[in-house]
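I have placed the structure first, in the form of structure tokens, so that the comments after it can refer back to it.
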Amino acid sequence: MSVRNERLLLACLLLAAVALMLRPIAADPLGLAIGAVRSEGPRHFWGLWGTAEHLGEWGPFVAHLELDHPTGYTRHLMDPINLVFFLPAHTLVGGVAGATLGYNLVHVGWTLIGGFGTWLLARRLVGPGLPALFAAFAVATTPYLLATPYLGRTEFLPGMGLALHWYLLMRALDADARWWHGLAAGLSIAAIALGGWYLAAWLLLLEPPVALALASRSKGTTWTRRMVVLTGVGVVALLPVLPALFALLEYPPPIMGEEQRVSEHMGICTPPQLLLPFSGEQGLPGADLAAYPGTVLLITGIAGAIRHKAARPWLGLAVALLVLSLGPFLVWTQEPSELMTDPIRLPAWWVEDLIPPLRFIWGWCRLGIWVTLPLALSGGYALRELFQRFPTLHVQFFVLLLMGVAIDHGADRRPAGVHGGAFDPRPPPELMTALETAPEGAVLQLPLDDFYMVWQLAHGRPISESQEIEDVRASSWVVQQALEVIDQVKAGDPPERADFGRGIRGCGSWDENRLVEAGYGAVVLHRDRLPDAHVQLSWLLGAALGPPDVDTANMAVWTPEPQSVPSWLECPLAEVDTTDELAGPTDPP
């Protein structure tokens, strides 16, 4: 196969991998963002946008972005390297559309880099042709990569650049290497490290032994020159990471204690489902995904190690990553309490015990982003021999293997409780219409939900969206009551009718003033997000704030305004001992 035809086929395969990645947003590629509504995607979406909006003020590495009116909540950008893809679209297109396009390009960009880098690395290690193309397609469609949008963790996407980095490192170690090869190798590993804490920590464990192993394969150079090159690459990699490192030292991640290590890791991975190709849902509700590498790739990777000595280190690396991905404790049941008394320790536990700062890693499963790469390289050796033994059938074998990888990697392996593969960052039109005429100020949206962050791109108002801020409850009596009702409904224990609106009678004007003083310009009740309690909450809010200014099937909006209150009226924020029946606009059922 000529180099030109190989590159053309590579382009087709990578486009197919991108199509698999973007399948959830095919209905509206410019309006929908890839990711589940109930994932961390909306939060990362907002983080990239917020940093882009304040780039000159906060710097590209860490942005302290205030949310959660009235107290504010400090957040920082986990994955600053993703601004490389996000910023051009945000700058050129602008608005919600530009942010949506930029967010989708983050996923597309790393998918292409992962496939292209694997092709370069496999051509050098295994040889050109179909084996290298197979490895590229396998990595570009790795199951964990396809699952990343459902988890919403864009900080793991830069891990797809590892193959390109290893290729550049090998090129820098060559006898005929130029200075820019070492520069590119250093910047590529820095880009991966700037994807987040987990990737940076894992690189510290993974890079030294792999770099030394790759250096040992270099021919025509002395070990002195190799160590100089490796040192130079390390220095180049460290310099761009220093600002983020200093910021991390100022805001360190939480380090888990011994008991917390057990409780947090229980149920994150489920080994019985780890190697099954179509086992359905993986993990527990809200948990991570097991590092499922794909059955076809497992078979080819093992076959490559059996037939070729050069493939065995790559299979060994894949197995090591797979074992570490199981976390510190083995979990064989979806009832974690059964193992709390005597957990079975795994190698990750000893790694954390040897290096205690690594106890901030809450999900070793996320190493799944790297398991496929060494397996693909090992499988490439098996395919090379297979195609040489059956030269007249190599195209047929190649097509069948690609189909198997696509089917295997496209299997639905989302965790339970995560639904949908796309979210719409555009706010409902009725919300925007209501806010256009509402007084200036923050927006309180009930129930509290991180997803409201992405709507802030359109209306630009301060928001209260997180349960983590207790001062939201202190903003007013009715807010405190409403949040308590929502908590009880979510817990499956809705309050009795007599409990609704305790103490509201006669305090409506006072309560409205409290909201105005707290800086709120609108209170929004999203009825479509509260199917079990929206009638009760409509009655509760109406009892204190009067009829809503906007009233639709999905939404009710109140706009607090200053009210005159008798000087003798006091309505403290405390529970009153009364079960008197209250008169509201409409009684709840």
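Just so we're clear, the structure is a prediction, and the values are computed from it rather than from any experiment.
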Listed partners of [X] passing side-chain hydrogen bond (donor to acceptor under 3.5 Å, both in side chains), at least two apart:
| X | answer |
| --- | --- |
| Arg461 | none |
| Arg7 | none |
| Trp314 | none |
| Glu6 | Trp119, Arg123 |

Open item on the list: Please determine whether ring pair (Phe, Tyr, Trp, His ring centres under 6.0 Å) holds for the pair Trp49 and Phe45, giving the CA-CA distance in whole Å, both sets of side-chain angles, and the decisive distance to 0.1 Å.
Closed with: CA-CA 6 Å; Trp49 168 79; Phe45 185 102; 8.6 Å; no

Once you round to the nearest 0.5 Å, how far does [atom1] of [X] lie from [atom2] of [Y]?
| X | Y | atom1 | atom2 | value |
| --- | --- | --- | --- | --- |
| Ile463 | Leu444 | CD1 | CG | 10.5 Å |
| Ile81 | Phe85 | CD1 | CZ | 8.0 Å |
| Phe116 | Leu121 | CZ | CG | 12.0 Å |
| Thr100 | Asp424 | OG1 | CG | 7.5 Å |
| Leu194 | Leu83 | CG | CG | 10.0 Å |

TODO: With sequence neighbours excluded, tell me which residues meet ring pair (Phe, Tyr, Trp, His ring centres under 6.0 Å) with His181.
DONE: none

Open item on the list: For Ala193 versus Ala200, what's the shortest heavy-atom pair and its separation?
Closed with: O-CB, 3.8 Å

Hey, could you give me each pair passing side-chain hydrogen bond (donor to acceptor under 3.5 Å, both in side chains) that has a residue in [range]? Not counting sequence neighbours.
| range | value |
| --- | --- |
| residues 102-112 | Asn82-Trp110 |
| residues 26-35 | Asp28-Arg426 |
| residues 155-172 | His44-Glu155, His165-Ser188, His165-Glu207, Trp166-Glu207, Arg171-Asp174, Arg171-Asp176 |

Mind checking what makes side chain to side chain contact (heavy atoms under 4.5 Å, CB included) contact with [X], not counting sequence neighbours?
| X | result |
| --- | --- |
| Leu13 | Leu9, Leu133, Phe137, Phe398, Leu402 |
| Trp197 | His76, Met78, Leu248, Pro253, Phe360 |
| Val126 | Pro131, Tyr381, Arg384 |
| Leu324 | Pro347, Ala348, Val351, Trp364, Leu367 |

